[in-house]
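Numbers restart at 1 for each chain; the letters A, B, ... are given by sequence-line order, proteins then strands.
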Number of protein chains: 2
Amino acid sequence: MEILQAARCLDKLGNPTRLEVFRLLVKAGREGLPVGDIQEHLDVPASTLSHHISHLVNAGLVHQEREGRVLRCRPDFELMQALIDFMTEECCEGVEPAQPKRDAG
Amino acid sequence: MEILQAARCLDKLGNPTRLEVFRLLVKAGREGLPVGDIQEHLDVPASTLSHHISHLVNAGLVHQEREGRVLRCRPDFELMQALIDFMTEECCEGVEPAQPKRDAG
DNA sequence: TCATTATTTCGAATATTCTAGAAATATAGT
DNA sequence: ACTATATTTCTAGAATATTCGAAATAATGA
């Protein structure tokens, strides 16, 4: 992943509402959740939620697919893993932990 | 790490300039770099750079210590690791990769 | 004290994001 | 066609972030 894409993903996940949305979708697994289900969990007005979800979709972190009347949102695990890989390799590498753990690693 | 702290860190790292600053500091290792050295790498006006660094310091991602005339900036590897752990556990868990890799991981 | 270097703080302009009500669109059932 | 449900798009105000020149602060040395 390139640094600009990483910054974009981090920026989108850097909003508390959006991070909660994304976490909720991850917990839901690959099948994800309809927008309405997310709204029930988060207690945010529909238009505000839609706005935040569209940010996540724009960054490629979430995909949407219509299923009848509901719009199902699914997290992109591969992109998220790529982001974590970027952070690990580019922003956390080359230094050993100050006090290496033996059983918690 | 709690979700609000994670969001805060992600937000701060979600700016391209700040992400570059942080990555540069990580590459420099535990001794970090003086502000001036960062500026030479990034080509950003001093006041703008200072502003961005203060964001990182406020979030706890960077620490500053004066050394004579220069201010040395060091990345907080432990906090960054905690953030990565949060993302891995809370935002990427419970699902196996679609096509597990055996030698490219 | 004066000059120099390193960096921050101030201030103000510009840009972007957030929020949410109202209206619009999409789907399904009658 | 009409109604109900699900969600988005429109719109606009408020809040926050970004940028950077100018001035201020901090440290060093002559």
Side-chain angles (χ1 to χ4, degrees), chain A residues 3-25 28 31-76, chain B residues 3-25 28 31-76:
Chain A
I3 191 165
L4 284 180
Q5 188 184 10
R8 186 169 176 73
C9 289
L10 292 169
D11 179 46
K12 296 317 179 189
L13 294 172
N15 172 282
T17 300
R18 286 196 294 264
L19 187 56
E20 286 226 63
V21 167
F22 191 79
R23 179 168 69 160
L24 196 61
L25 290 176
E31 64 184 307
L33 287 174
V35 173
D37 287 16
I38 299 174
Q39 195 184 358
E40 278 178 26
H41 279 270
L42 265 67
D43 193 35
V44 168
S47 62
T48 302
L49 178 59
S50 179
H51 162 83
H52 284 302
I53 291 176
S54 77
H55 273 267
L56 293 171
V57 169
N58 270 240
L61 286 160
V62 167
H63 303 279
Q64 284 182 306
E65 196 176 355
R66 185 166 280 282
E67 283 181 9
R69 267 191 295 206
V70 309
L71 255 186
R72 181 167 294 271
C73 303
R74 273 170 298 168
D76 190 318
Chain B
I3 192 165
L4 284 180
Q5 187 185 11
R8 185 168 176 75
C9 289
L10 293 168
D11 179 45
K12 297 316 179 189
L13 294 172
N15 173 283
T17 300
R18 287 196 294 263
L19 187 56
E20 286 227 63
V21 168
F22 191 80
R23 178 167 70 160
L24 196 60
L25 290 176
E31 64 184 308
L33 287 175
V35 173
D37 287 16
I38 300 173
Q39 194 184 357
E40 278 177 26
H41 280 272
L42 265 66
D43 193 35
V44 168
S47 60
T48 302
L49 179 59
S50 179
H51 164 81
H52 283 304
I53 291 176
S54 77
H55 273 268
L56 294 170
V57 169
N58 269 241
L61 285 161
V62 167
H63 302 278
Q64 284 181 308
E65 195 176 354
R66 184 165 283 281
E67 284 181 7
R69 266 191 295 209
V70 309
L71 255 186
R72 182 167 292 273
C73 303
R74 273 169 299 168
D76 190 318

Whole angstroms only, please: what is the [atom1]-[atom2] distance between [X] and [N]?
X	N	atom1	atom2	answer
A:Asn58	C:dC18	CG	C1'	16 Å
B:Leu42	C:dT7	CG	C1'	16 Å
B:His55	C:dT7	NE2	C1'	17 Å
B:Glu67	C:dT5	CD	C1'	16 Å
A:Leu19	C:dC18	CG	P	13 Å

*Given DNA chain C, 5'-ward residue of the pair A:Gly68 and A:Arg18, judged by closest heavy atom*: A:Arg18
*Any side-chain N or O of B:Asn15 under 4.0 Å from OP1/OP2 of D:dA17?*
no
*Establish, with yes or no, whether the OP1 or OP2 oxygen of D:dA17 is under 4.0 angstrom from a side-chain nitrogen or oxygen of B:His52.*
no
*asked:* When you compare the side chains of B:Arg74 and B:His63, does any donor N or O come within less than 3.5 Å of an acceptor on the partner?
replied: no
*With under 30° as parallel and over 60° as perpendicular, where do the rings of B:His52 and B:His55 fit, or are they tilted in between?*
tilted
*Spell out, as yes or no, whether a donor-acceptor pair under 3.5 Å connects the side chain of B:Asn58 to the backbone of B:Ser54.*
yes
*Smallest separation among heavy atoms of B:Leu10 and A:Gly14, with atom names*: CB-CA, 3.7 Å
*Quick one: CG on B:Asp43 to CD1 on B:Ile38, what's the gap to the nearest 0.5 Å?*
14.0 Å
*Quick one, give me the B/S/- string for nucleotides 2-15 of chain D, reading 5' to 3', where B means a protein heavy atom under 4.0 Å from the base and S means that only happens at the primed atoms, P, OP1 or OP2.*
--BBSSBB------
*Carboxylate-amine/guanidinium proximity below 4.0 Å for A:Glu65 and A:Arg72*: no
